[in-house]
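Everything numeric here is computed off the predicted structure, so don't read it as measured data.
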Amino acid sequence: MNDTVRESLPEFIDHQLVHFRQRYDWDCGLSCIVMLLGRHEKLNFLENFKDICHKGGFGESTWTIDLCYILRDFDIKHKFLTKVFGANPSHVGKEYYKCFNADETRVNKKFQQASLNDIPIEVKSISNIELIKHLAFNGNVILLTNASLLYCDLCKANKLSIELRSCLGLKPTYMGHYIVLCGYDMRIEKFLYRNPAFKDKICYMSFEAVERARKACGTDEDVILIYDKRV
């Protein structure tokens, strides 16, 4: 990142969120949404959790487009960026998408009807500097990542297993997992994020490491930009 870009950005951003820990092994994306809601909307979401899931039709298999429809229902302005419009056929038969055939019709229909439902989608890859600028001037970001590549530089959570696999030359298995990117620290070149799988804490990870996790095979580089700047 060149010095001119650095000088135009705040050195440190930390969007204050009330952490929410996921309750099941499949609701990380929904838990990310809960973190973005105000107090009354949060209570409404949790009280109507089963109805929201039923309306979405996703059962225990949430895709990024499912999250966008829920964000729309809660009037949260957002934009969905992805490298593939619709259900990516390259995932057929992959172990990490065991429900692909069951989900494909629903997912493709939601993509096709997105513009009619005021859900903006762009087929593009986003760079780290674009993410940093969004965090600085617009708000939070929901990222689909490979959980196997996530860690925290502060508490070292999951870092040892990643380093061990690297030493052994093993490729990490893909486990789709949503997190909320909630800031950055330009001084140490790290993103701040909240992981719904953890208790209340902010994790730090380098720009490059986050990029590897969010661009891993299986993610389709799904990113939801949230326009909720509160500072």
Checklist entry - Distance from Met205 atom CE to Tyr193 atom OH, nearest 0.5 Å? => result 5.0 Å
Checklist entry - So, for His19 and Phe198, which heavy atoms are closest and what is the spacing to 0.1 Å? => result NE2-O, 2.9 Å
Checklist entry - To the nearest 0.5 Å, what is the distance between CG (Asn140) and CG (Leu135)? => result 7.0 Å
Checklist entry - Of all heavy-atom pairs between Gly56 and Arg106, which one has the smallest distance, and what is that distance? => result O-CD, 3.5 Å
Checklist entry - Judged by atom type as modelled, is there a donor-acceptor pair below 3.5 Å linking the side chain of Tyr174 to the main-chain atoms of Gly218? => result yes
Next on the checklist: Keeping Arg72 on the side-chain end and Asn117 on the backbone end, is there a donor-acceptor pair under 3.5 Å?
Outcome noted: yes
Next on the checklist: Would you say Thr62 and Tyr178 are linked by a side-chain donor-acceptor pair, where the criterion is simply a distance under 3.5 Å?
Outcome noted: no
Item to check | Steps toward side-chain contact (heavy atoms from CB on, under 4.5 Å) verdict (Ile132, Phe191) | outcome: CA-CA 8 Å; Ile132 291 168; Phe191 281 117; 3.7 Å; yes
Checklist entry - Ion pair present between Glu130 and Lys124, side-chain N to carboxylate O less than 4.0 angstrom? => result yes
Checklist entry - Which pair of non-hydrogen atoms, one from Glu221 and one from Ile126, has the smallest distance, and what is that distance? => result OE1-N, 4.5 Å
Checklist entry - Under the 6.0 Å and 45° cation-pi test, does Lys77 pair with Tyr227? => result yes
Checklist entry - Quick one: CG on Asp185 to CG on Asp14, what's the gap to the nearest 0.5 Å? => result 10.0 Å
Next on the checklist: I'd like to check Val141 versus Val180 (side-chain heavy atoms, cut-off strictly below 4.5 Å). Are they in contact?
Outcome noted: no
Checklist entry - Would Asp222 and Thr219 satisfy side-chain contact (heavy atoms from CB on, under 4.5 Å), going step by step from the backbone distance to the final call? => result CA-CA 6 Å; Asp222 284 3; Thr219 65; 5.7 Å; no
Item to check | same_hphob_cluster(Val18, Ile226) at 4.5 Å side-chain heavy-atom cutoff | outcome: no
Next on the checklist: Are Tyr184 and Glu11 packed together at the side-chain level, in the sense that at least one heavy-atom pair is separated by less than 4.5 angstrom?
Outcome noted: no
Checklist entry - Will you find, in the side chains of Arg214 and Asn128, an N or O donor that is under 3.5 Å from an N or O acceptor? => result yes
Item to check | Side-chain donor/acceptor of Asn146 to backbone N/O of Ala213, under 3.5 Å | outcome: no
Item to check | Separation between NZ of Lys55 and CG of Asp51, rounded to the nearest 0.5 Å | outcome: 10.0 Å
Item to check | Main-chain N/O of Val123 paired to Thr82 side chain as donor or acceptor, under 3.5 Å | outcome: no
Item to check | Cluster overlap Leu46 with Leu43, hydrophobic side-chain contacts below 4.5 Å | outcome: no
Item to check | Ile65 reachable from Val84 in the ILVMFWY side-chain graph, under 4.5 Å edges | outcome: no
Item to check | Atom of Ile202, atom of Leu154 and distance for their closest heavy-atom approach | outcome: O-CD1, 4.2 Å
Checklist entry - Under 3.5 Å, side chain of Asn108 to main-chain N/O of Ala87, donor-acceptor pair present? => result yes
Item to check | Over-ring placement of Lys110 relative to Tyr69, 6.0 Å and 45° cut-offs | outcome: yes
Checklist entry - Would you say the side-chain atoms of Ser206 pair up with the backbone N or O of Ala209, donor to acceptor, closer than 3.5 Å? => result yes
Checklist entry - Do Trp26 and Met35 share a hydrophobic cluster (ILVMFWY, side-chain heavy atoms under 4.5 Å, transitive)? => result yes
Checklist entry - In terms of ring plane angle, is the pair Phe111 and Phe85 parallel, tilted or perpendicular, where the classes change at 30° and 60°? => result perpendicular
Checklist entry - Counting only heavy atoms not in Lys42, do more than 12 sit closer than 6.0 Å to its NZ atom? => result yes
Checklist entry - Phe100 vs Trp63 aromatic rings, parallel, tilted or perpendicular, using cut-offs 30° and 60°? => result tilted
Item to check | Verdict with reasoning, Ile33 to Phe20, per side-chain contact (heavy atoms from CB on, under 4.5 Å) | outcome: CA-CA 9 Å; Ile33 291 178; Phe20 185 82; over 6 Å; no
Next on the checklist: To the nearest 0.5 Å, what is the distance between SG on Cys182 and CD1 on Ile142?
Outcome noted: 12.0 Å
Checklist outcome for this item: Value for CD (Glu104) from CG (Asn88), rounded to nearest 0.5 Å, stands at 10.0 Å
Next on the checklist: Side chains of Leu67 and His78, heavy atoms from C-beta outward: is any pair under 4.5 Å?
Outcome noted: no
Checklist entry - Can you check whether Ile52 reaches Asp73 side chain to side chain, under 4.5 Å on heavy atoms? => result no
Checklist entry - Do the side chains of Phe74 and Leu36 get nearer than 4.5 Å, heavy atoms only? => result no
Checklist entry - Any side-chain heavy atom of Lys109 sitting closer than 4.5 Å to one from Val107? => result no
Checklist outcome for this item: Correct closest heavy-atom pair for Pro196 and Cys28 would be CG-O, 3.7 Å
Checklist entry - Does a donor on one side chain and an acceptor on the other come within less than 3.5 Å for Asp103 and Ser61? => result yes
Next on the checklist: Are there over 12 heavy-atom neighbours, none belonging to Asp75, within less than 6.0 Å of that residue's CG?
Outcome noted: no
Checklist entry - Given the rule that I, L, V, M, F, W and Y join up when any side-chain heavy atoms are under 4.5 Å apart, are Phe80 and Leu116 in one cluster? => result no
Checklist entry - Just checking, is any N or O donor in the side chain of Asp228 or His15 under 3.5 Å from an acceptor N or O on the other one? => result no
Item to check | Closest heavy-atom pair and its distance - Leu30, Cys53 | outcome: CD1-SG, 4.0 Å
Checklist entry - Leu9 versus Phe137: any side-chain heavy-atom pair under 4.5 Å? => result yes
Next on the checklist: Using only atom types and a distance under 3.5 Å, with no angle test, would you say the side chain of Arg21 pairs donor to acceptor with the backbone of Ala197?
Outcome noted: yes
Checklist entry - Would you say the side chain of Leu192 lies within less than 4.5 Å of the side chain of Cys203, judging by non-hydrogen atoms? => result no
Next on the checklist: I'd like to know whether Lys190 forms a side-chain contact (heavy atoms from CB on, under 4.5 Å) with Asp153, so could you lay out the CA-CA distance, the side-chain angles of the two residues, the decisive distance to 0.1 Å, and finally the verdict.
Outcome noted: CA-CA 9 Å; Lys190 296 184 189 297; Asp153 278 329; 2.7 Å; yes
